[in-house]
Amino acid sequence: MVSERLIGMADTAPARPVVTRFAPSPTGYLHIGGGRTALFNWLYARGRGGKFLLRIEDTDRERSTPEATEAIFRGLRWLGLDWDGETTSQFEQRHRHAEVAREMLARGSAYKCFSTQEDIEAFREAARAEGRSTLFHSPWRDADPATHPDGPYAIRMRAPRAGETVVEDAVQGTVRFRNDQLDDMVVLRSDGTPTYMLAVVVDDHDMGVTHVIRGDDHLNNAARQQMVYDAMGWEVPVWAHIPLIHGPDGKKLSKRHGAVGVEEYQIIGYPAAGMRNYLTRLGWAHGDAEFFTTDQALAWFDLPGIGRAPARLDFKKLENLCGQHMAAMEDAALLHELEAFLAASGQPGLTPPQRDLMHSALYCLKDRAKTFPELVDKARFILTARPIVADEAAARLLDPVSRGILKTLTPQLQNASWTKEALEALMTETAMAQGLSFGKLAGPLRAALAGRTVTPGVYDMMLVIGRQETIARLKDAAA
RNA sequence: GGCCCGUUCGUCUAUCGGUUAGGACACCAGGUUUUCAACCUGGUAAGAGGGGUUCGACUCCCCUACGGGCUGCCA
C-alpha cells in the first residue's frame, strides 16, 4: 500500500533531516491536547536528530494576545519541550503570504473573486433552500478579466473540480477526497491579509517542515492545503493527524472536565516527567511499555505507534505514573522541581534549613507521593517547628499511658547510637519491656514526631531530624 | 444535510488472518507491614450490531448504530 511505503520511507530512510513544528494560536492557555501535540512533534524530531520549531499562529489579530503567547511558552517549558531557533510569528510573514497568493494568481492556480459576503450568504441561502451543496461556487472563477470591477477582491484557490485529492496520512492511512466536495478556498482576504489555509502551507514550506503532526481536526484541511503545495510545485510534507484527547466521559475536553490548561497540571503538582510519560502513552504505544523515561520515549517514538481513536484522560493512571517517576527521580532534581512547584502554585518557598532537611529526607518521602502536594504533606514533620500540633487522629494516640512510655524513652535516646539499627533495637526492647507490640509504640511515637498518623517510617524521621529535635518533640508530647 | 475519521476489559492499549485475545491503571481478595503509601500474589473484566470474503476473522470488504471532526474572507 502506498501509505505504508510512505511511512516506511519516512521512518527508516529520511531523504532529509526531520523538521517538525508546533503551531498554536495564542488565544488562551496551552491546551493539554496542544501540549501532547507539541510533545509528539518534539519526540519525533528530537528522537531522530531533527529540529523542532515553534510558530505562533497569530494571524487572527482580534483574538491573539501576548499573554497567551507567554502562557504557551511557560507551558512548553514546564513540559521540558525546548524548540530550535527563534519563535516565528505567522503574522510577521503576511507579506510573504501575500506574495505567494499573487504568485498563484500569476500561475493561474488562483483567481480574483469579487463576490461580497452578502453574495456568498445569498448563494448559500439559496443552496440550502434547494437542498444543494452549500459549497460556494464563485462566478468569478472563469470570468473574463476585462469584466473585473474596480473594487476589493479576495484571492481564491482555483481548486480542481474533477478527480480526487489523496492524502497519504501516516496515522490515518490513505484518505481520499472527491474534489467536487472541496470548494475554492480564499487564500488572501479582500483586506490583503492571508488566511490560515495559505499561511500554514507557506510557513511550513519556508521553514522546511518535513512532518506535519497535528490534531485530526485538520485532516480535511490537509486535502485543501495539499492543493496549495501542488499549485506552487512544493513537496508535500508527511502528514500525521493524531486523534484529539477527550474528557473522562468521552466528550470533547472542556472546562467542566477540570484541568484543560497545561499550567493547571503543574499547579496540581504533577512532576513533568510523569506528565510527559502519560501524555506520550495516551494515544501511542510501544508494545507493553507503560513506564518509561524521556530518553526511552525519544528512542521509541514513531508514527505507526499512534492510535486512530480519541483517548480519554485518566487522572488515576496519570497519578500512578507520576508516583513512579517521583520515586525514580534523583533527589537533587526532585528538590529543584519541588521548589518550582511551590513557586508556580503561589506557596511559600523553602527556607535554607528546610531545604537541607528536605534534601536529606527525600529518600524516605519520594516513594510515598504521587504529586508534589502529597510530597509536602508527607514532609510535614520537617516543615513545621515545635511545638508540633497533633491533628485529631494523632492526638488520640497520645493518651496518658502512651505519654508515659514516651517519657521513659527520652533518657535512653540520649545515649543511643543514632543509627537505624540501634534505634530499632532500642524501640523493640522498650516495647517488650512494656508488654507491647512495636506497633503500639510506633503510633504514639509517630504522633509525637510529626503530629500525624501518616508519615514516613519513625526511624527515618528520627534520623532526619536528629537526636536533639527528636528528644525535644517527645518531651513536648509527653508533657 | 454533505464529506472525512473513529469503535478491543470501566480507562489507556497489544494483536498487523490461526493466541486460553496479552499488559498497565482502576477495582476486588489475600499477603507483608510501625499507620498511610509502597510492595508481593491472585481475581473480575473486552473485540458496537449485522452481513459477506476465507479452511479460518478482533484483524480484510459492505451496511447500520453510536462518537468525533470539517463544511468561514477563524485557526
Side-chain angles (χ1 to χ4, degrees), chain A residues 4 23-27 57-60 62-64 90 113 115-117 120 124 128 131-136 152-156 167 169 171-173 175-178 180-183 185-191 193-197 199-200 215-224 241 243-244 246 248 250-252 278 281-291 304-305 307-321 323-324 327 367-370 374 378 393-394 397 424 427-428 431 437-443 445-447 452-459:
Chain A
E4 285 171 0
S25 24
T27 53
E57 308 227 301
D58 51 358
T59 51
D60 185 338
E62 300 288 299
R63 297 193 299 154
S64 298
Q90 189 158 66
C113 174
S115 297
T116 63
Q117 302 278 19
I120 297 168
R124 295 215 167 95
R128 253 190 297 275
R132 292 200 327 265
S133 161
T134 55
L135 289 180
F136 181 59
Y153 60 85
I155 297 181
R156 281 183 189 272
V167 171
D169 193 281
V171 173
Q172 310 289 346
V175 186
R176 298 170 181 282
F177 297 87
R178 280 170 47 187
D180 60 14
Q181 298 294 334
L182 271 17
D183 61 1
M185 63 186 176
V186 169
V187 290
L188 199 72
R189 300 186 185 98
S190 50
D191 65 1
T193 60
T195 60
Y196 163 78
M197 287 293 181
V200 248
D216 71 5
D217 49 336
H218 286 286
L219 182 57
N220 291 268
N221 294 339
R224 323 165 82 146
H241 289 93
L244 271 19
H246 285 176
K251 297 292 183 191
K252 194 179 169 186
Y278 177 73
R281 190 63 187 67
L282 193 64
W284 174 84
H286 180 74
D288 286 338
E290 298 286 349
F291 170 78
R308 291 147 306 278
R312 303 183 189 197
L313 235 29
D314 179 352
F315 290 91
K316 290 286 193 196
K317 185 147 185 175
L318 205 209
E319 280 183 16
N320 178 278
L321 246 17
Q324 294 186 59
D367 59 353
R368 294 168 174 272
K370 298 189 178 83
E374 280 182 27
K378 300 285 193 303
L397 291 173
E424 189 168 3
M427 291 305 150
T428 312
S437 70
F438 176 65
K440 295 290 182 196
L441 174 58
L445 198 49
R446 165 171 291 109
R452 293 289 176 89
T453 54
V454 180
T455 71
V458 289
Y459 306 128

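A, B, ... follow the sequence lines: proteins, then strands. Residue 1 opens every chain. All values below come from the heavy atoms of this structure, side chains included, with hydrogens, waters and symmetry mates left out.
Residue Met197(A) is classed as a base contact, given a heavy-atom separation below 4.0 Å to a base. In this structure, Ser25(A) reaches the sugar-phosphate backbone alone: every heavy-atom distance under 4.0 Å involves primed, P, OP1 or OP2 atoms, never a base. Using a 4.0 Å heavy-atom criterion, one finds that Tyr459(A) contacts the bases of the nucleic acid, with or without backbone contacts as well. If you check every strand for non-hydrogen atoms under 4.0 Å, Thr193(A) touches nothing. Within 4.0 Å of Leu313(A), counting heavy atoms only, lies no atom of the nucleic acid at all. Nucleic acid contact for Gly443(A): none, since no nucleic acid atom lies under 4.0 Å from a heavy atom of the residue. Contacts of Gly283(A) with the nucleic acid, taken as non-hydrogen atoms under 4.0 Å apart, involve only primed sugar atoms and P, OP1 or OP2. Pro243(A) comes within 4.0 angstrom of no nucleic acid atom, judged by non-hydrogen atoms across all strands. In this structure, Arg308(A) reaches the sugar-phosphate backbone alone: every heavy-atom distance under 4.0 Å involves primed, P, OP1 or OP2 atoms, never a base. At a threshold of 4.0 angstrom between heavy atoms, the contacts of Arg132(A) with the nucleic acid are absent. At the heavy-atom level, Lys440(A) lies nowhere under 4.0 Å from the strands shown. Using a 4.0 Å heavy-atom criterion, one finds that His241(A) contacts no nucleic acid atom at all. Residue Asp191(A) is out of contact with every strand shown, counting any heavy-atom pair closer than 4.0 Å.
With hydrogens and angles ignored, no donor-acceptor pair under 3.5 angstrom links the side chain of Arg176(A) to the base of C4(B). With hydrogens and angles ignored, no donor-acceptor pair under 3.5 angstrom links the side chain of Thr453(A) to the base of C36(B). A donor-acceptor contact under 3.5 Å is not formed by the side chain of Arg312(A) with the base of U11(B). Judged by distance alone, with hydrogens and angles left aside, Asp288(A) brings a side-chain donor or acceptor within reach of the base of G22(B), the pair sitting under 3.5 Å. For Gln181(A) against G2(B), no side-chain N or O and base N or O form a donor-acceptor pair under 3.5 Å.
The shortest distance between the side-chain N/O atoms of Lys252(A) and the OP1/OP2 oxygens of G69(B) is below 4.0 Å. Contact between the side-chain N/O atoms of Lys316(A) and the OP1/OP2 oxygens of C12(B) is not found at any separation under 4.0 Å. Applying the 4.0 Å criterion to OP1 and OP2 of A75(B), one finds that Thr59(A) has a side-chain N or O inside that range. The phosphate of C73(B) has OP1 or OP2 within less than 4.0 Å of a side-chain N or O from Arg156(A).
Across all strands shown, C27(B) is found opposite G43(B) as a Watson-Crick or G-U wobble partner, with both distances under 3.5 Å. Remark: G1(B) base-pairs with U71(B). Criterion, Watson-Crick or G-U wobble with two distances under 3.5 Å. Using the Watson-Crick or G-U wobble rule with both distances under 3.5 Å, A57(B) pairs with nothing in any strand shown. Taking a pair to require two hydrogen-bonding distances under 3.5 Å in either a Watson-Crick or a G-U wobble arrangement, C36(B) remains unpaired. Base pairing annotation: A14(B) forms no Watson-Crick or G-U wobble pair, as no partner gives both donor-acceptor distances under 3.5 Å. G6(B): Watson-Crick or G-U partner is C66(B), with both key distances under 3.5 Å.
The side chain of Asn220(A) lies closest to C4(B), out of C4(B), U35(B), C74(B). Among the nucleotides G69(B), G23(B), A26(B), the one closest to the side chain of Leu244(A) is G69(B). Between C12(B), C4(B), U13(B), one nucleotide has an atom nearer to the side chain of Ala285(A) than all others, and that is U13(B). Considering only side-chain atoms of Ile120(A), the nucleotide from G6(B), C73(B), U34(B) that sits closest is C73(B).
Comparing G42(B) with G22(B), their P atoms sit 14 Å apart, to the nearest whole Å. G23(B) and C9(B): their C1' atoms are spaced 12 Å apart (whole Å). Here the separation of A57(B) from G52(B), taken at their C1' atoms, is 12 Å to the nearest Å. G50(B) and C58(B): their C1' atoms are spaced 16 Å apart (whole Å). For A26(B) and G49(B), the C1' atoms lie 28 Å apart once the distance is rounded to whole Å. The same atom, P, is picked in U41(B) and in A24(B); the two are 10 Å apart, to the nearest Å. Spacing of C1' atoms, G10(B) relative to A45(B), comes out at 9 Å, to the nearest Å. Across U32(B) and U44(B), the matching P atoms stand 23 Å from one another, rounded to whole Å.
In this pair, Tyr196(A) and His218(A) present their aromatic rings tilted. The plane angle is within the 30 to 60° band.
Taking the nucleotide of RNA chain B with the nearest heavy atom to each of Thr195(A) and Gly305(A), the more 5' of the two is matched to Gly305(A).
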